[in-house]
Amino acid sequence: MKRKEEKINSNIDKKQIKGGIMKKENKISKIIVFMLLLTIIAMILVSNTYSKYATNASGSDSVVVAKWSFLVNGEEIAVAGDAKTIEFGLFDTIYDSDGESEETDVAEGFIAPGTSGAFEFALQNTSEVKTQYGVEFEVTNANNIPIQYSLDGTEWSEELKNIDYSNKTVLDIGANTKTIKVYWRWAFEGETDNDTLIGKTAGNATEENEIPNVTVKATINAVQVENLEIDELAEKYTLNYYANLQDAIEATNNENYEESQTSTKYEANAAVYVDENSKLNTILLEDTTLTNELTTSKDMILNLNGKTLKSTDAVAVAVNSGNLTIDGQVEGSRILTENTGLNTTTVSVNAGTCVINGGTYEANSSGVGTKTVANPNILVADTASLTINEATVISNDSNGGTCAAIEVKSGGTATVTNSKIISTSRDAYGVDGIRNAGTMTITNSTVAGISDYKANAAKNDYAACSRAITNEGTMTLKNCNITGTHSGIRCLGTLYIDGGTYSGYGHGGIYFGGDSKISYIKNATINMCDMPEGYIDDGIAGTNRAGMYIGGASNQVIYLNNCILEAPYYPAVLRSSGGESNNALYLSNSTAQGYSKYFRNDAGTTKNNKIYIGVGNNFDIVDTYKEGNTVETEEDYSAVFPEY
Amino acid sequence: MKNTKTMKFIAFALLVTIIAIILVAGTYAKYASSASGTDSAVVAKWDIKAGPAGKEVSITGDNAQVAFNLFDTILDEDGTTEADVTAGKIAPGTAGVFELSVKNDSQVNAEYGISFNLGQTTIPLEFRVNGGEWSSSLSSVATTALDMNTSSVAKVEWRWAYETADADGSVVAGDGIDTELGITMPEVTVTATLNVSQVD
């Protein structure tokens with residue numbers, strides 16, 4: 001009941017308020033509806049993020065720049081701004097001429113003949129990077145005071161040579177201090193007059209700046225280095241370091257090469273390692289001068305590594321057995337010999353084999369060699385073999401000596417490809433680019449033998465002359481460029497030619513003078529050329545004005561096919577004035593051009609020298625000169641050529 | 001009166017709608033079929049790992065730390081061992097690389113991006129991200145899909161050229177700048193921020 005009453009009351013209350021309160025209630029409802037709508041919309045809008053996982057993380061790393069610091073005499077030169085100036089007291093201490101004793105004969109602080117001195121400076125790399133230094137010296141010596149300098153106390157020069165960047169100027173991180181000592185001296189027994197003049201100038205000076213003086217400025221440069229070749233090599237191979245090349249080669253010549261070393265990485269002149277093909281390699285690390293012949297007797301590779309190997313001995317490198325490969329492929333690689341009164345041979349292959357890949361091989365002599373005994377730059381002995389690829393071989397005699405860039409002895413063999421072989425000597429008799437008595441094949445190469453062309457009474461011969469090639473053995477030439485002042489080739493042996501140009505001045509492109517020899521030439525140009533610029537023809541020796549010359553021997557047979565003969569007068573000459581007979585020249589598919597097409601075929605006494613004119617030529621029997629025996633045939637002589 | 005009733009009805013309907021939305025919110029994002037029966041569901045796992053390849057660790061929550069060892073291995077410019085500079089230091093001719101591996105061991109697909117902050121530095125470092133162009137700034141790794149049970153590697157390379165020119169192309173001046181840095185020995189810090197989120 002109570003409940004019912006309450007309900008009735010309640011109903012009454014509701015009715016009572018319906019009129020006045022209804023409006024307010026309606027507003028509240030509207031607000032609620034609006035908020036609910038907003039809520040729904042917001043829920044829809046953000047529903048995506050409500051359903052997503054997300055994470056973020058961060059990390060960082062830091063690093064510090066390596067320190068750059070270099071000390072000279074304990075003073076830091078790695079400073080910001082201008083270069084640091086340091087005290088360089090080269091003339092602070094003046095000694096007697098022995099470099100040790102106190103100088104008591106000259107006023108203190110002055111130099112005079114018989115004084116000397118030295119100065120040391122210490123370099124230290126205190127950086128956190130590997131460093132290389134160089135030192136540039138600048139000498140000011142207006143009165144030419146004859147001061148000599150040395151960096152080792154033994155080799156003296158009036159020039160104070162700079163210390164260039166090299167392996168030897170590398171200072172590793174934490175390396176010990178490097179001390180450089182500069183010596184100077186004024187020789188007591190020099191040129192007295194000049195010394196006296198300098199002394200007088202000092203005596204006459206009225207102002208301090210008029211007194212002769214010498215100033216030496218040293219500039220030390222330190223630079224961070226990366227990826228030094230030696231370091232990279234050391235990463236790849238186990239290197240053994242040697243103070244000089246001689247030590248390295250001697251070590252490798254041991255029957256069982258034992259790893260040994262006489263130097264350290266940045267002090268070494270050479271290093272030895274075994275490569276991935278188990279080959280023994282010796283690599284030159286610095287320009288080197290040898291005073292004794294370097295002899296190899298095992299299979300090994302000598303890598304010149306862009307450096308110069310100079311020898312003051314007669315022979316730089318001798319191969320006595322085994323195979324030596326000389327790798328000169330890095331630009332600047334060079335073997336050099338320079339001697340006065342001695343033979344100058346860069347490579348002597350006495351036995352075994354030698355392969356030269358790249359590089360320059362230069363022999364400079366003075367009055368060495370004779371007409372019959374050449375001074376060869378590269379020598380191949382009777383049981384030896386040589387291969388040259390892409391190299392330059394140069395011989396030069398400055399005093400009429402008869403040099404040869406390459407000499408192959410009888411029994412020896414040589415192959416030359418893509419190379420340049422040059423021999424020069426002024427006023428010399430018998431210079432050869434190549435002198436071959438063995439077996440040679442030359443391909444795509446240039447060969448020259450150049451000298452003046454003139455009478456030489458002193459040597460009791462009619463001409464100073466030279467040939468690119470003197471061939472007494474068997475030689476095959478393919479696509480070569482040959483030039484000589486006596487003749488391109490003087491052939492006393494057998495010749496096989498395919499392609500190329502063969503030029504000579506005195507006796508034309510090829511001089512055939514070998515008894516009973518046979519030669520084959522195809523696809524080649526043979527001509528008489530001008531004298532090389534700067535060389536002399538005195539007009540006494542005379543020339544044949546011929547493209548090629550057959551004489552000085554009998555029973556020779558020469559086949560030409562598809563060739564060009566070019567000369568001012570005669571495409572070819574067959575001489576008989578020396579008693580030559582039975583020489584035969586066979587020609588087909590060839591062209592004669594120049595001043596005339598007339599071949600000179602000397603009749604001689606037997607008329608047995610013959611020219612056989614086959615098919616395809618631009619000349620015929622009427623183009624022969626004099627009464628020699630000339631035969632016109634229907635032969636194509638290409639058919640008789642062997643394979644080569 | 002009628003309005004009041006209507007409003008009440010609307011409010012009631014909206015309340016029911018909200019409750020329904022809350023109750024069925026999960027079904028809005030997927031296909032749904034009605035069927036009778038009982039089933040239960042477990043929430044998909046969210047597990048992202050990051051770090052050097054092979055050494056990834058879980059990163060949870062915001063602002064987690066991840067190993068970003070950009071300068072741990074300092075190499076020569078050509079990628080070989082650096083033997084000319086003290087270990088742990090950089091100098092002209094040094095270089096390095098770091099590969100940040102991000103692994104999604106979750107049960108949902110995700111995507112990630114990496115932004116970098118290269119602190120103030122005058123060191124002429126260059127950077128390259130994922131084999132792009134070398135630049136003096138570090139470009140972000142764009143948003144990249146990272147499906148469940150997959151991983152992705154972001155490769156960041158840096159280098160300091162052995163020989164650099166200054167802004168005017170002068171190598172000598174460039175050497176001067178490098179030398180100055182060798183004397184002052186500044187430090188450089190690179191921060192990487194990795195953001196990973198679920199994708200729908």
Side-chain angles (χ1 to χ4, degrees), chain A residues 18 22-23 25-37 39-40 43-44 47-70 76 78-81 127-131 170 172-174 222-228 231-232 234-236, chain B residues 1 3-4 7-8 10-11 14-15 17-18 21 25 28-29 46 48 50 59-72 76-78 80-81 83-86 89-93 106 108 123 162 179-183 185-198 200:
Chain A
K18 270 180 185 170
M22 272 307 285
K23 283 184 180 174
E25 204 175 52
N26 198 17
K27 275 186 183 172
I28 292 167
S29 295
K30 281 181 178 174
I31 290 167
I32 292 169
V33 168
F34 181 68
M35 288 179 70
L36 287 168
L37 268 170
T39 306
I40 292 168
M43 286 177 75
I44 291 167
S47 62
N48 281 340
T49 56
Y50 267 109
S51 64
K52 196 160 86 169
Y53 301 145
T55 295
N56 67 51
S58 65
S60 66
D61 200 8
S62 301
V63 69
V64 175
V65 170
K67 182 172 75 170
W68 174 243
S69 172
F70 197 86
E76 179 64 80
V79 292
S127 299
E128 291 173 326
V129 296
K130 191 174 289 180
T131 302
V170 171
D172 212 342
I173 301 164
V223 60
Q224 178 206 354
V225 285
E226 279 275 320
N227 301 330
L228 287 169
D231 288 333
E232 294 190 346
E235 275 181 31
K236 202 171 174 186
Chain B
M1 285 295 287
N3 273 349
T4 305
M7 291 306 291
K8 280 182 178 174
I10 292 169
L14 288 170
L15 268 170
T17 306
I18 291 166
I21 286 171
Y28 265 103
W46 176 243
I48 301 297
I59 50 171
T60 54
D62 284 348
N63 304 317
Q65 287 297 305
V66 62
F68 181 62
N69 308 325
L70 186 60
F71 299 109
D72 253 18
D76 197 272
E77 227 177 343
D78 61 8
T80 58
T81 306
D84 305 315
V85 178
T86 297
K89 301 289 178 75
I90 61 168
S106 304
V108 295
I123 305 169
Y162 178 65
T179 304
E180 190 78 26
L181 290 166
I183 295 168
M185 293 180 288
E187 182 180 52
V188 60
T189 302
V190 179
T191 303
T193 302
L194 168 68
N195 292 295
V196 191
S197 59
Q198 181 199 354
D200 197 5

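So that the names make sense, note that chain A is the first sequence line, chain B the second, and so on, each numbered from 1. We use all heavy atoms of the structure for the numbers below, so side chains are in, but hydrogens, waters and symmetry mates are not. In this text, all values refer to a predicted model and were calculated from it rather than measured experimentally.
The OG1 atom of A/T131 sits 4.0 Å away from the CH2 atom of A/W68 when rounded to the nearest 0.5 Å. Note that OG of A/S60 and CG of B/N69 are 10.0 Å apart. Values are rounded to the nearest 0.5 Å.
Using a 4.5 Å cut-off between heavy atoms, B/A192 touches chain A through backbone and side chain atoms alike. The part of B/I123 that comes within reach of chain A is its side chain, from C-beta onward, which places non-hydrogen atoms under 4.5 angstrom from that chain. For a residue to count as touching a neighbouring chain, one of its non-hydrogen atoms must lie under 4.5 Å from one of that chain's; by this rule A/E232 touches chain B with the side chain only. Both the backbone and the side chain of B/V190 come within contact range of chain A, with heavy atoms under 4.5 Å apart.
Between A/A66 and B/K89, the shortest heavy-atom distance links the atoms CB-CB, 3.6 Å. Closest heavy-atom contact between B/A91 and A/Q224: CB-NE2, 3.9 Å.
Per-residue heavy-atom pair counts under 4.5 Å with chain B were compared for A/E235, A/E128, A/K67, A/E226, and the maximum is reached by A/E226. Here A/N227 is the residue among A/L228, A/N227, A/V223 with the most heavy-atom pairs under 4.5 Å with chain B. For the set B/T81, B/V188, B/I48, B/L181, the entry with the most heavy-atom pairs within less than 4.5 Å of chain A is B/V188. Note: B/I90 leads B/V196, B/D72, B/I90 in heavy-atom pairs under 4.5 Å with chain A.
Using a 4.5 Å heavy-atom cutoff, the side chains of A/N56 and B/N195 are in contact. Two residues are said to be in side-chain contact when any heavy atoms from C-beta on lie closer than 4.5 Å; B/F68 and B/T191 fail this criterion.
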